[in-house]
Each structure stands twice: as C-alpha cells, then as structure tokens.
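Just so you know, ligand 1 is whichever comes first in the structure, and atom 1 is the first atom listed for that ligand. Every heavy atom of this structure was used, including side-chain atoms; hydrogens, water molecules and symmetry mates were not.
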Amino acid sequence: MHGIFITIEGPEGAGKTTIIQKVAKELEKRRIDVILTREPGGIPISEQIRGIILNPENLTMDARTEALLYAAARRQHLVEKVIPCLQNGAVVLCDRFIDSSLAYQGYARELGMDEILSINQFAIQELMPNKTIYFDIEPEIGLERIEANKGREINRLDLEKLDFHRMVRRGYKQLLQKFPDRIKEIDASQPMEQVFLHTMEIVDKLLEENK
Ligand SMILES: Nc1ncnc2c1ncn2[C@@H]1O[C@H](COP(=O)(O)OP(=O)(O)OP(=O)(O)O)[C@@H](O)[C@H]1O
Ligand SMILES: Cc1cn([C@H]2C[C@H](O)[C@@H](COP(=O)(O)O)O2)c(=O)[nH]c1=O
C-alpha cells in the first residue's frame, strides 16, 4: 500500500471536522489525491451502524455491545473504502479511528484498553495510521462549542456526564504517552487558523517523508 493514512482524534467539539475539511481542500488545491472520511461511518453499512450506536434513544446499550459495534463499523469501512483508497495511493484523512475506541470504550467506559485493542486487532488486521493528530481541548470548552453549533445533532455519547468526557481526555493523554511517534498533539483551544497551520505542518512533514 503506497497511500498515507492520517487520523484525527480528540474529545467532542475539539474542531476535528472543521480542520480536516480545510486540510482536504488545501491538498486538493495542490492536486493531491485525498479522501476525507469518518468513523463510525464513511460508507453506507458503517453509517447505518453509526445510526444505531449514536441514537439517543438507545440508552440501554451495553458497553461491550457499543465497543463491538464500533469495531464492526471500522472493519467494513476499512475493507470497502480505506484500504482500496490506500492501494490507489491516496492520502486518506479519517475523522476518528481506533484511538477513539481506546479512549472512549477502553478508558472512559472502563472496559480496558488492552481488551479494546484486542477486539480491534481482529477488525483492523494491523492496519494502523501512519500518523494521528490529537486535538486537545478541555471538555467544558468542547461541549460549549457543540452547544453553540445549532446545526449539529446531539448524539447518545454527547449526553454522557462531564466526568465521562474528562475520562476520555485522560484516555487520550495515556495514548499520547504510549505512542509518542505516531500521535502528535495540537492545542485545539487556539484560534482556528492557528490549529489549521499547526495541522498542516504535521501533514506536510509526513508528505515530505513519504515522497
Ligand atoms: N479553534 C476553534 N475555535 C473556536 N471554535 C471552533 C474552533 N474549531 C472549531 N470550532 C467550532 O466548534 C464547533 C465544533 O467543531 P467541529 O464539529 O469541527 O468539532 P469536532 O471535533 O468534529 O466535534 P465532534 O467530534 O463532537 O463531532 C463548530 O461550531 C466549529 O465551528
Ligand atoms: C470512532 C469512535 C467514536 N466514538 C464516539 C466519539 C463521538 O462521541 C461519537 C462520534 O461522533 P462524531 O461527531 O463523529 O465525533 O462516537 C467512540 O466512542 N468510539 C469510537 O471508536
């Protein structure tokens, strides 16, 4: 596979979707073959699974069921979209990936990062991102941004208590320590333009290394 796989991670409202769209536009301007996608979702089957996971009415969903559904959506998305695009040499920009499962289900839901890694290894068969950009934000600020964004639907995970979102952030901090080469941190509380420039620095370095 000669493409480049980049994932964007972080708590709710960190600005991932906003910035990843700007990055995709910038790469398109340079005539680089870029695919923008997301998890859970990105293709019809995984978008349907997303609907089930994030439906605010599904309040009785068991934590392990949730973890397995994320892994199932991931598997289908990889097979149908990510892998073929990488095989064609594209830059794949993915809004969330395995680190979300490790931080949310492994750490915040307290299922254990090793257990979540293990079910995800079955799903991804060793296909890890070339680089992961982690947008760090205090959950209070991220959740305020989401509330202010009237166009965005509130999903089942958004409804979790503030303590859950604090745990998610702590989970990500552990991942930063565990994978210092793969995961790069950006202060997402900065103005949008700053966050974008910093993201582009990381992307440009990676493109240069993979020339
Ligand atoms: N650096 C920033 N400063 C202020 N507001 C921002 C910044 N980045 C994004 N926003 C705004 O915050 C809101 C959430 O941004 P966005 O949807 O990109 O976050 P996200 O990380 O993808 O969230 P989620 O994972 O919960 O979907 C949007 O209204 C967006 O315009
Ligand atoms: C991939 C993945 C996602 N989540 C959570 C994180 C968010 O709360 C939602 C996705 O919503 P977004 O608006 O697209 O950010 O799902 C998770 O808990 N585990 C995962 O693996």
Does Gly13 have a non-hydrogen atom less than 4.0 Å from ligand 1? yes

Filtering Glu9, Arg50, His77 for the heavy atom nearest atom 12 (P) of ligand 2 leaves Arg50

Got a salt bridge between Glu208 and Lys205, using NZ or NE/NH1/NH2 to carboxylate O under 4.0 Å?
no

Logged contact type for Ile146 with ligand 1, heavy-atom cut-off 4.0 Å, is side chain

Note: Gln190, heavy atoms under 4.0 Å from ligand 1, region reported as backbone

Heavy-atom proximity to atom 13 (O) of ligand 2, picking from Glu12, Arg96, Arg152, Glu66, points to Arg152

Out of Gly142, Ser100, Ala148, Gly15, the nearest non-hydrogen contact to atom 9 (C) of ligand 1 is supplied by Gly15

Would one find an N or O of Arg38, backbone or side chain, under 3.5 Å from an N or O of ligand 2? no

Per-atom filter on ligand 1: closer than 4.0 angstrom to a heavy atom of Asn149 are 28 (C), 29 (O)

Is it true that Thr132 and Lys184 share a donor-acceptor pair across their side chains at a distance under 3.5 Å? no

Is there a donor in the side chain of Ser100 and an acceptor in the side chain of Glu39, or the other way round, less than 3.5 Å apart?
-> no

*So, is Asp95 polar-close to ligand 1, with some N/O to N/O distance under 3.5 Å?*
no

Between Arg145 and ligand 1, is there a nitrogen or oxygen pair with a distance under 3.5 Å? yes

The atoms of ligand 2 lying under 4.0 Å from a heavy atom of Glu39, numbered in the order shown, are 1 (C)

Output for pair (Ile4 CD1, Asn130 CG), nearest 0.5 Å, gives 6.5 Å

One finds that the ligand 1 atoms under 4.0 Å from a non-hydrogen atom of Glu12 are 26 (O)

Of all protein heavy atoms, the one nearest atom 31 (O) of ligand 1 is Met192 CE, 3.8 Å

So the atoms of ligand 2 within less than 4.0 Å of a heavy atom of Ser100 turn out to be 1 (C), 2 (C), 3 (C), 19 (N), 20 (C), 21 (O)

At under 4.0 Å between heavy atoms, what of Pro191 touches ligand 1? The answer is backbone

Discussion item. Please determine whether a side-chain nitrogen of the Lys or Arg among Glu12 and Arg152 lies less than 4.0 Å from a carboxylate oxygen of the Asp or Glu.
Written reply: yes

At the 4.0 Å heavy-atom cut-off, does Lys16 count as touching ligand 2? no

Of Lys16, Arg152, Glu193, the one whose closest heavy atom lies nearest atom 27 (O) of ligand 1 is Arg152

